[in-house]
Enquirer: 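Please see the structure below; I have some questions.
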Amino acid sequence: MGGVKEINDGTRGRVPSTISDGTRGRAPSTSEGVWGNYPVIMHLDMDAFFAAIEQSIQPSLKGKPVIVGGDPDSRGVVSTCSYEARNYGIHSAMPMKEAHRLCPDAVFVNTTGDKYSYMSAQVVIIMKRFSPAVEPVSIDEAFCDITAIHKRYGGPEKTAQAIKQAIKEELNLTCSIGIGPNRSVAKIASGSNKPDGLVIVPHDSVKQFLWVRPVDHIWGVGKKSAEALGKVGIKTIGDLAKTPEKTLKAMFGIMGLGLVRMANGEGETDVRASHVEYEAKSMGHEHTFDKDTNDRERVLGLLLYLADRVSRRLRQTGCVGRTVTLKVRKSNFKLITRAITLSANIDTEKEIFRAARKLLIDNRFLDEPIRLIGVNISHLKKSESERLDDFLIDYDPTKKRRELDKVMDGLRDKHGEEAIFFASSQIF
DNA sequence: TCTGGGGTCCTATTTCTG
DNA sequence: TCTGCAGAAATAGGACCC
């Protein structure tokens, strides 16, 4: 567990070991020199992030199985769990009921993401002290381009160790870091020695590092793709690398070509600094009923609540959208989506609800019990350029509603999301 | 028997438009 | 006015990620 690992030529007793291609007589890969002019890309992945934060906040939870997710009696699943819980066979995405059965004495935590977002931001701040090129890719991981700065700290390994140490000392959290000549290799490396690991893969050791690993270690190859590849005898990344592009293109289209390239150690090296504005392409909310239902009032009540949540986020981010998608999961777990594209951009709860309700009614979704419904809006644009100023829209029949939304937004900003809500949205 | 919620991207098919 | 065509846009579904 943990420690520094570099892929090497098998030289015995070298600690830390270093990944290399077996070339004799050259400098160890730990030295900065081996990277030459190659990019040095770091991927940092926090260990059991949410659970570790809970353990950090409440020291009494240290060493105990901690499971973060929904209510253990609900239909929720495990969001993440501590390594102690993983010893019981518990893992992310496992139904909470199953997790509870495996470890009834675990500490179950069901909290909001605010503190997790805060800690995530702190991690990014620490990384930026070392390099400005930090690109968060989710709440618990980020890429960092250290090509230009690693020499200042004595090479990639020492840079990574300094970052790990800062996170440990300042946030009391551990992370795993992978370093490689591109994003794909760095990402696989960071996941290969968790928790608290550090794996460094210089450019000349990439194939040795990758080819022995199962094919689903490649980013973008999930369960289905791994199954499909397995059926034609492709089990490892090495198998994938040696497969003709033609075969993979026939199986996966243009994605197949990308897979071969990744298997051969090629990949993106661009790290987009986080100050570059991120623009969401869609926003949505969904909810699973405690019990499947086609009770009209309950379903419409939830639909109104979801439309309200979506419209609130649109206004918070200053966006409007044009396509409303209704998502329905039936009792048999089958997922159906229906979308409608409107002639104008919208952002009010009433407009979103009206479109979603039309999709619900027109498609006769209330004819049988529903497990989940979701409301999503896409074709997003910044609202300033799309909407007329308030003084120009006196004739707009939705203006009063928008004013009401503004008042509600203000109350929620001040007193929290539950401060005010539509009565009809609370019956689900 | 159980399977959340919030996203992105890709593909195939259908519909619209010039 | 009708038809055929091509490209764009919309739609639906699936896979994947955390």
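In what follows, chains are A, B, ... by sequence order, proteins preceding strands, each numbered from 1.
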Enquirer: Please determine, for the side chain of T341(A), which listed nucleotide (dT11(C), dT3(B), dG13(C)) has the closest atom?
Expert: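 The listed nucleotide nearest to T341(A)'s side chain is dT11(C).
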
Enquirer: So, W219(A) and dC17(C): ring centres less than 5.5 Å apart, planes less than 30° off, yes or no?
Expert: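 The ring of W219(A) is not stacked on dC17(C).
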
Enquirer: Expressed in whole Å, how much space separates the C1' atoms belonging to dT3(C) and dT17(B)?
Expert: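 Rounded to whole Å, the distance is 15 Å.
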
Enquirer: Using Watson-Crick or G-U wobble geometry with both distances below 3.5 Å, tell me the partner of dG13(C), or none.
Expert: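 Because both required distances fall under 3.5 Å, dG13(C) counts as paired with dC10(B).
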
Enquirer: Using the side-chain heavy atoms of M255(A), tell me which of these nucleotides is nearest: dG6(B), dC16(C), dC10(B).
Expert: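 Of dG6(B), dC16(C), dC10(B), dC10(B) is nearest to the side chain of M255(A).
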
Enquirer: Among the candidates dT11(C), dA15(C), dC2(B), find the nucleotide nearest to the side-chain atoms of S225(A).
Expert: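 It is dA15(C).
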
Enquirer: Do S311(A) and T348(A) pair up side chain to side chain, a donor and an acceptor below 3.5 Å, judged on atom types alone?
Expert: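 Result is no, nothing qualifies.
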
Enquirer: Which way is the base of dC2(C) turned, syn or anti, if we draw the line at 90° from 0?
Expert: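 Anti conformation for dC2(C).
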
Enquirer: Please pick, from dC18(C), dC16(C), dT3(B), the nucleotide with the shortest atom-to-atom distance to any side-chain atom of R371(A).
Expert: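 Selected nucleotide: dT3(B).
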
Enquirer: Ignoring the backbone of A339(A), work out which of dA12(C), dC18(C), dG6(B) is nearest its side chain.
Expert: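 Nearest listed nucleotide: dA12(C).
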
Enquirer: Let me know the distance between CG of N376(A) and C1' of dG13(C), rounded to the nearest Å.
Expert: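 Value for this atom pair: 14 Å.
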
Enquirer: Among the nucleotides dT11(B), dG6(B), dG13(C), which one has an atom lying closest to any side-chain atom of I336(A)?
Expert: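 The answer is dG13(C).
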
Enquirer: Between D47(A) and S176(A), does any side-chain donor sit less than 3.5 Å from a side-chain acceptor?
Expert: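 Their side chains do contain a donor-acceptor pair, which is all the 3.5 Å distance test asks for.
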
Enquirer: Measure from CG on L359(A) to P on dT11(C) and round the result to the nearest Å.
Expert: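 Atom-to-atom, L359(A) to dT11(C), this comes out as 9 Å.
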
Enquirer: Is the phosphate of dT11(C), meaning OP1 or OP2, less than 4.0 Å from a side-chain N or O of T337(A)?
Expert: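 No.
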
Enquirer: On the nucleotide dG5(B), are OP1 or OP2 found under 4.0 Å from the side-chain N or O atoms that T288(A) carries?
Expert: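 For T288(A), the contact criterion (side-chain N or O under 4.0 Å from OP1 or OP2 of dG5(B)) is met.
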
Enquirer: Can you tell which of dG13(C), dC18(C), dT8(B) lies closest to the side chain of R338(A)?
Expert: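 Nearest listed nucleotide: dG13(C).
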
Enquirer: Please pick, from dA10(C), dG4(B), dT8(B), the nucleotide with the shortest atom-to-atom distance to any side-chain atom of R322(A).
Expert: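 For the R322(A) side chain, the nearest candidate turns out to be dA10(C).
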
